*Asks:* 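Okay, here's the structure, questions in a sec.
Quick caveat, the model's predicted, so the values are computed rather than measured. Any value given below was found using the heavy atoms of this structure, including those in side chains, with hydrogens, waters and symmetry copies removed.
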Amino acid sequence: MNKPHVTIQGMGTSRKDTVIVHGNAVGMLKPDGSGPYGTPGSATVALRSDDSRLRNLTVSNDFDEAANQSFKDHQAVALLTTADKIVLDSVIVTGDQDTLELETAAKDKPGRVYVTKSSIVGNVDFIFGRATAVIDRSVIILKKRWNGTSAGYITAPSTQAGR
């Protein structure tokens, strides 16, 4: 999406009632044959619309690390944002490595993301990017990797100096 003022809202009483799920990962070949996915391209949902929100739903990347040990990398983004003034309200964002990528449309553009009443679940640098994020009244869950280890950091920000 790249039109401003978009809201995607799950139906039902629980954010678990509406689930958007896919399983792309870095290195998987794109269906059009144009090459492999990179980290942003692996995203289940890419939100590129300024002043937009996701509410009352789950976004998941269910790439199976254990079944794909032949892959060099295991980055598999559930949600990518590349816009300004994004609100994630009562959502679950779940995956493994690189679950939530918070970016800006360009290095010189702002990208502000407000996460509230939500859950972010992953492992290895699973909240990352150059956008500025506020995570409020939310739960961050570091889960074990497929082999039972717990390696890496929760966040890997690349916010420009001065922001």
Side-chain angles (χ1 to χ4, degrees), residues 1-12 14-28 30-31 36-65 68 71 73-107 109-143 145 152-159:
M1 296 184 300
N2 58 10
K3 296 190 183 270
H5 311 292
V6 172
T7 297
I8 299 175
Q9 180 167 326
M11 301 303 291
S14 169
R15 55 195 176 172
K16 293 179 181 179
D17 290 341
T18 302
V19 179
I20 302 170
V21 63
H22 199 61
N24 287 339
V26 170
M28 289 178 127
K30 296 177 186 176
Y37 290 109
T39 301
S42 71
T44 298
V45 172
L47 186 56
R48 303 179 191 282
S49 306
D50 289 345
D51 299 301
S52 293
R53 66 182 57 226
L54 295 181
R55 179 186 296 140
N56 194 41
L57 55 82
T58 296
V59 178
S60 176
N61 188 314
D62 67 352
F63 171 71
D64 187 347
E65 286 186 62
N68 290 285
F71 279 55
D73 299 305
H74 290 141
Q75 293 92 338
V77 176
L79 177 60
L80 165 69
T81 67
T82 61
D84 190 33
K85 296 188 266 179
I86 300 297
V87 176
L88 306 178
D89 181 8
S90 298
V91 299
I92 298 171
V93 183
T94 185
D96 285 310
Q97 184 173 348
D98 291 0
T99 302
L100 179 58
E101 184 174 1
L102 306 171
E103 296 294 351
T104 62
K107 287 185 180 182
K109 301 228 184 228
R112 295 168 285 181
V113 181
Y114 178 62
V115 182
T116 185
K117 298 178 282 183
S118 296
S119 296
I120 306 165
V121 182
N123 59 50
V124 186
D125 305 338
F126 62 97
I127 302 170
F128 70 108
R130 70 176 170 244
T132 301
V134 172
I135 300 175
D136 180 38
R137 295 182 290 157
S138 297
V139 177
I140 298 171
I141 300 168
L142 174 63
K143 71 179 190 177
R145 300 199 72 180
Y153 297 95
I154 292 172
T155 64
S158 58
T159 308

*Asks:* Mind checking whether V77 and F128 have side chains closer than 4.5 Å, heavy atoms only?
*Replies:*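 They are in side-chain contact.
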
*Asks:* Indicate yes or no: at least one non-hydrogen side-chain atom of N61 is less than 4.5 angstrom from one of T99.
*Replies:*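 The answer is no, as the side chains (C-beta and beyond) never meet within the 4.5 Å cut-off.
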
*Asks:* Using a distance-only test with no angle check, is there a side-chain donor-acceptor pair under 3.5 angstrom linking R15 and S90?
*Replies:*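 R15 vs S90: no donor-acceptor pair found between side chains.
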
*Asks:* Is there side-chain contact between T44 and L79, with heavy atoms separated by less than 4.5 Å?
*Replies:*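 Counting from C-beta outward, T44 and L79 never come under 4.5 Å.
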
*Asks:* Strictly distance-based, threshold 3.5 Å: is any side-chain N or O of D50 a donor or acceptor partner for the main-chain N or O of P4?
*Replies:*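 No; zero donor-acceptor contacts below 3.5 Å.
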
*Asks:* How many angstroms lie between CG in L102 and CD1 in I135, if you round to the nearest 0.5 Å?
*Replies:*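 If we round to the nearest 0.5 Å, L102:CG and I135:CD1 are 7.0 Å apart.
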
*Asks:* Checking the side chain of S42 only, and the main-chain atoms of P40 only, is there a donor and an acceptor separated by less than 3.5 Å?
*Replies:*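 Checking the backbone N and O of P40 against the side chain of S42, no donor-acceptor pair under 3.5 Å is found.
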
*Asks:* Please step through side chain to side chain contact (heavy atoms under 4.5 Å, CB included) for the pair F126 and L142, ending with a clear verdict.
*Replies:* CA-CA 9 Å; F126 62 97; L142 174 63; 3.8 Å; yes

*Asks:* Got a sec: does the NZ of K30 have more than 12 other heavy atoms crowding it under 6.0 Å?
*Replies:*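 For K30, atom NZ is crowded (more than 12 foreign heavy atoms under 6.0 Å).
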
*Asks:* Are any side-chain N or O atoms of T58 and backbone N or O atoms of V19, one a donor and one an acceptor, separated by less than 3.5 Å?
*Replies:*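 Such a contact is absent between T58 side chain and V19 backbone.
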
*Asks:* Is any side-chain heavy atom of R145 closer than 4.5 Å to a side-chain heavy atom of Q97?
*Replies:*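 Yes, close enough: below the 4.5 Å cut-off.
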
*Asks:* Are the side chain of H22 and the backbone of V45 linked by a donor-acceptor contact shorter than 3.5 Å?
*Replies:*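 Checked: no pair found.
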
*Asks:* Please report the closest heavy-atom contact between T94 and A78, naming both atoms and the distance.
*Replies:*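 That would be O-CB, 3.5 Å.
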
*Asks:* Quick one: closest heavy-atom pair of F63 and A76, and the distance?
*Replies:*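 Looks like CB-CB, 3.7 Å.
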
*Asks:* Roughly how far, to the nearest 0.5 Å, is the CG atom of D89 from the CG atom of L57?
*Replies:*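 Rounded to the nearest 0.5 Å, the CG-CG separation comes to 10.0 Å.
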
*Asks:* Short question: side chain of T82, backbone of E103 - any donor-acceptor pair under 3.5 Å?
*Replies:*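 No, because the side chain of T82 does not come within donor-acceptor range (under 3.5 Å) of the backbone of E103.
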
*Asks:* Could you point out which residue of R112, R130, K109 forms a side-chain hydrogen bond (donor to acceptor under 3.5 Å, both in side chains) with T104?
*Replies:*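 Filter result, single survivor: R130.
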
*Asks:* Kindly give the heavy-atom pair with the smallest separation between M11 and D17, and that separation in Å.
*Replies:*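 It is O-CB, 3.4 Å.
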
*Asks:* Walk me through whether I120 and L88 qualify under side chain to side chain contact (heavy atoms under 4.5 Å, CB included).
*Replies:* CA-CA 11 Å; I120 306 165; L88 306 178; over 6 Å; no

*Asks:* As an exercise, state the distance from CG of N56 to CD1 of I92, rounded to the nearest 0.5 Å.
*Replies:*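 Rounded to the nearest 0.5 Å, the CG-CD1 separation comes out at 9.5 Å.
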
*Asks:* Rounded to the nearest 0.5 Å, what's the gap from OG on S49 to CG on D84? Could you check?
*Replies:*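 Interatomic distance, S49 OG to D84 CG, rounded to 0.5 Å: 12.0 Å.
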
*Asks:* Rounded to the nearest 0.5 Å, how far apart are CD1 of I140 and OG of S119?
*Replies:*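 Those atoms lie 10.0 Å apart.
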
*Asks:* Going through the distances and angles, do R48 and L80 end up as a side chain to side chain contact (heavy atoms under 4.5 Å, CB included)?
*Replies:* CA-CA 8 Å; R48 303 179 191 282; L80 165 69; 3.8 Å; yes

*Asks:* For Y114, is there any backbone N or O sitting under 3.5 Å from a side-chain donor or acceptor partner on D136?
*Replies:*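 Answer holds: no.
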
*Asks:* Judged by atom type as modelled, is there a donor-acceptor pair below 3.5 Å linking the side chain of S118 to the main-chain atoms of S138?
*Replies:*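 A pair under 3.5 Å: no.
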
*Asks:* State, to 0.1 Å, how close V91 and L54 come at their nearest heavy-atom pair, and which atoms those are.
*Replies:*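 Shortest heavy-atom contact: CG1-O, 3.6 Å.
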
*Asks:* Taking C-beta and beyond as the side chain, do N123 and E65 meet within less than 4.5 Å on heavy atoms?
*Replies:*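 Yes, side chains in contact.
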
*Asks:* What I'd like to find out is whether the side chain of V115 reaches to under 4.5 Å of the side chain of V93, using heavy atoms alone.
*Replies:*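 They are not in contact (no side-chain heavy atoms under 4.5 Å apart), so the answer is no.
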
*Asks:* Could you check whether K85 pairs with D51 (Lys NZ or Arg NE/NH1/NH2 to Asp/Glu carboxylate O, under 4.0 Å)?
*Replies:*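 A salt bridge is present here (some side-chain N lies under 4.0 Å from a carboxylate O).
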
*Asks:* Which pair of heavy atoms, one from A25 and one from Y37, lies closest together, and at what distance?
*Replies:*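 Taking A25 first and Y37 second, the nearest heavy atoms are O-CB, 3.7 Å.
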
*Asks:* Which pair of heavy atoms, one from A131 and one from G111, lies closest together, and at what distance?
*Replies:*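 That closest heavy-atom pairing would be CB-O, 3.1 Å.
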
*Asks:* Tell me, do D96 and H74 make a side-chain contact under 4.5 Å, heavy atoms counted?
*Replies:*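 Side-chain contact under 4.5 Å: no.
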
*Asks:* Given I127 and I154, is the side chain to side chain contact (heavy atoms under 4.5 Å, CB included) satisfied, shown in steps?
*Replies:* CA-CA 6 Å; I127 302 170; I154 292 172; 4.2 Å; yes

*Asks:* What distance do H5 atom NE2 and R53 atom CZ have between them, rounded to the nearest 0.5 Å?
*Replies:*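 Those atoms lie 11.5 Å apart.
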
